[in-house]
Amino acid sequence: MTLFSMNKRYLDGILYKAESGISLSHREIVNLLTLEDTESIQKVMKSARKLREQHFGNKLFLYGFIYFSTYCKNHCTFCFYRKTNSLSPRYRKNLSEVVDIAARLADSGVHLIDLTMGEDPDIYRTGGFDVLLEMIDRVKVTTGLPVMISPGVIPDDILEKMSDSGVTWYALYQETHNQLLYRKLRVGQGFAARKNKRLKARELGMLVEDGMLLGVGETTGDRADSILCMKHEGVHQARVMSLVPQRQTPMAGRVAIPRINEYLCIAVMRLLMPDRLIPASLDVDGIKGLEMRLEAGANVVTSIIPSSSSLAGVSQSTLDIEQGLRAVPEVKKILAGKGLEAAGLGEYSAWIASQKGKISSGVGEYDENPNSRRTASGAGGSISCPAGWTGSSAN
Ligand code: SAM
Ligand code: MD0
Ligand code: SF4
């Protein structure tokens, strides 16, 4: 059945299942993701908002973003900051600059500070992570806020130190759960190594975020696989972002996909993972993109960047930053217009505490071979993608 021909009873049945807490099949997800008529799409988003409301009321979380080093040793084909791109702004913020920016973000009312970097060779060398450890400590003490780190695939001993130093979140996105496509996106980086690092972080007691990119050559089936994989892994935060084609990268010539694809993914992720955090990133379309992502069921606003900080975004290196449009007051105006509001800091801490209480240690290793899906032994059960997951590029 194609989607636009999906009959009303079939769609209502899927939404009824989702609202009743029953998971959806791969086929059902694909059908939702390929919807084209406005009425049906609005129904899906309405269900997504209903589930958000049930789990989070009208409260949203706001994340401050500090991209403190834009140097990177990698060659991700979608990224403006890949090693060989001579056009991207390269900088490394020093400790006191980062602490000042974090303090400003905290004063403006964010709930968390996301410390993000490229895989900076200066930091990845022996001893280089001490700078990041000190930064985390100073940011935590100065702001009193939880910290997320987005540093790439760091060594296990460093991850352990980060966990010991009280980092709450580790963000590491697969971009796609199709291993063949992954190899074309994250050139020379292991799929399993990335996934296992996220599993390791979780084992150490951290909350974890995974994410998928749209418009990078994936099929609708791949999108459904990603959603099911993120659900199955039980990530605490699951994101989707549309590719913003970047100059002087292998994906420069790609046509950006219609944003409805991203809105539908957000909505379907909410149907499948109603109590997880799902971001609306300001890093794709800036502040003007916020409303539709909220409409689709997102409950975190990410990539809040203070003006006059000379910081860059990732997929939109400059959009809305200097004008102060990626800041909390602008975000709050849009939330208010939708009957939503920023949660209190206590509400965010309570949510984190509730999740930490649930973290299990029963996670296993994932195999680098795309054809084998090893399952974890013991109480944690399978950590591979769920039954029905194809895990191939063939569709
Ligand atoms: N270097 C670390 C890493 O790659 O894990 C942390 C950087 S993290 C901010 C980079 C994320 O931004 C990627 O995982 C990807 O999901 C997203 N991203 C990068 N370039 C993008 C682009 N051109 N369009 C959309 N999203 C992009
Ligand atoms: C964002 N630019 O939230 C940031 C970034 C990294 N943890 C997050 C992708 O959109
Ligand atoms: Fe480097 Fe991250 Fe960009 Fe890949 S996505 S090139 S690892 S900054």
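No hydrogens, no waters, no symmetry mates; every other heavy atom, side chains included, goes into these values. Numbering of ligands and ligand atoms starts at 1, following listing order. The chain is numbered in sequence order, starting from 1.
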Atom pair CZ/CE of Phe78 and Met251 - distance to nearest 0.5 Å: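 So the CZ of Phe78 and the CE of Met251 are separated by 8.0 Å.
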Reported CZ-to-CD distance for the pair Arg276 and Gln237, which is rounded to 0.5 angstrom: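 If I round to the nearest 0.5 Å, the distance is 10.5 Å.
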Contact partition for Tyr173 relative to ligand 2, non-hydrogen atoms under 4.0 Å: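 Under 4.0 Å from ligand 2, Tyr173 contributes side-chain atoms alone.
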Mode of Phe65 contact toward ligand 2 - side chain, backbone, both, neither (heavy atoms, under 4.0 Å):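 It is the side chain that gets close, since no backbone atom is under 4.0 Å.
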Can you tell me which portion of [X] lies within the under-4.0 Å heavy-atom range of ligand 1? Options are side chain, backbone, both, or neither.
X: Arg254; result: neither
X: Ser242; result: backbone
X: Thr116; result: side chain
X: Leu213; result: side chain
X: Gln316; result: neither
X: Met117; result: backbone

For [atom], find the nearest protein heavy atom and state the residue, atom name and distance (0.1 Å precision).
atom: atom 11 (C) of ligand 1; answer: Tyr173 CD1, 4.0 Å
atom: atom 16 (O) of ligand 1; answer: Glu175 OE1, 2.7 Å
atom: atom 3 (Fe) of ligand 3; answer: Cys79 SG, 2.4 Å
atom: atom 24 (N) of ligand 1; answer: Val244 N, 3.0 Å
atom: atom 10 (O) of ligand 2; answer: Ser281 OG, 2.5 Å
atom: atom 2 (N) of ligand 2; answer: Asp283 OD2, 2.9 Å
atom: atom 20 (N) of ligand 1; answer: Phe78 CD1, 3.5 Å
atom: atom 27 (C) of ligand 1; answer: Ser315 CB, 3.8 Å
atom: atom 10 (C) of ligand 1; answer: Val314 CG1, 4.1 Å
atom: atom 5 (O) of ligand 1; answer: Arg194 NH2, 2.9 Å

Met251 near ligand 1 by a heavy-atom separation under 4.0 Å: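 The answer is no, since Met251 has no heavy atom less than 4.0 Å from ligand 1.
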Ligand 1 contact by Gly118, heavy-atom criterion under 4.0 angstrom: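 Heavy atoms of Gly118 do come under 4.0 Å of ligand 1.
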For atom 2 (Fe) of ligand 3, the option (of Arg186, Arg82, Lys83) bearing the nearest heavy atom: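 Considering heavy atoms of Arg186, Arg82, Lys83, the nearest to atom 2 (Fe) of ligand 3 sits in Arg186.
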Residue selection (non-hydrogen contact nearest atom 1 (C) of ligand 2) among Arg239, Arg326, Gln316: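 Selected option, by shortest heavy-atom distance: Arg239.
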Metal site atom 4 (Fe) of ligand 3: N/O/S of Cys76 inside 2.8 Å: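 Within the cut-off used here (under 2.8 Å), Cys76 does place an N, O or S atom near atom 4 (Fe) of ligand 3.
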Worked check of ring-ring contact (aromatic ring centres under 6.0 Å, His included) between Tyr91 and Phe68: CA-CA 8 Å; Tyr91 62 79; Phe68 67 89; 9.2 Å; no
Thr116 side chain to Asp114 side chain, donor-acceptor N/O pair below 3.5 angstrom: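 Yes, a side-chain donor-acceptor pair sits under 3.5 Å.
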Heavy atom of Met117, distance to ligand 3 below 4.0 Å: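 No heavy atom of Met117 comes that close to ligand 3.
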Test item, Phe80 contacting ligand 3 (heavy atom, 4.0 angstrom):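 It does not; every heavy atom stays at 4.0 Å or beyond.
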N or O pair under 3.5 Å between Pro151 and ligand 1: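 Among all N and O atoms of Pro151, none is under 3.5 Å from an N or O of ligand 1.
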Distance filter under 4.0 Å to Ala171 heavy atoms, resulting ligand 2 atoms: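 Ligand 2 atoms under the 4.0 Å threshold to Ala171: 7 (N).
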Sub-4.0 Å atoms of ligand 2 with respect to non-hydrogen atoms of Asp114: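 The atoms of ligand 2 under 4.0 Å from a heavy atom of Asp114 are 6 (C), 7 (N), 8 (C).
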Phe56 and Trp351 aromatic ring geometry - parallel, tilted or perpendicular at 30°/60° bounds: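 Tilted.
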Output field: ring centroids Phe129/Tyr124 closer than 6.0 Å: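 Yes: the rings meet the under 6.0 Å criterion.
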Ion pair check, Asp210 and Arg198, cut-off under 4.0 Å: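 A salt bridge links Asp210 with Arg198.
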Geometric N/O contact Thr302 with ligand 2, under 3.5 angstrom: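 Yes; the residue has a nitrogen or oxygen that sits under 3.5 Å from a nitrogen or oxygen of the ligand.
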Test item, Tyr63 contacting ligand 2 (heavy atom, 4.0 angstrom):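 No; Tyr63 lies far enough from ligand 2 that no heavy-atom distance drops under 4.0 Å.
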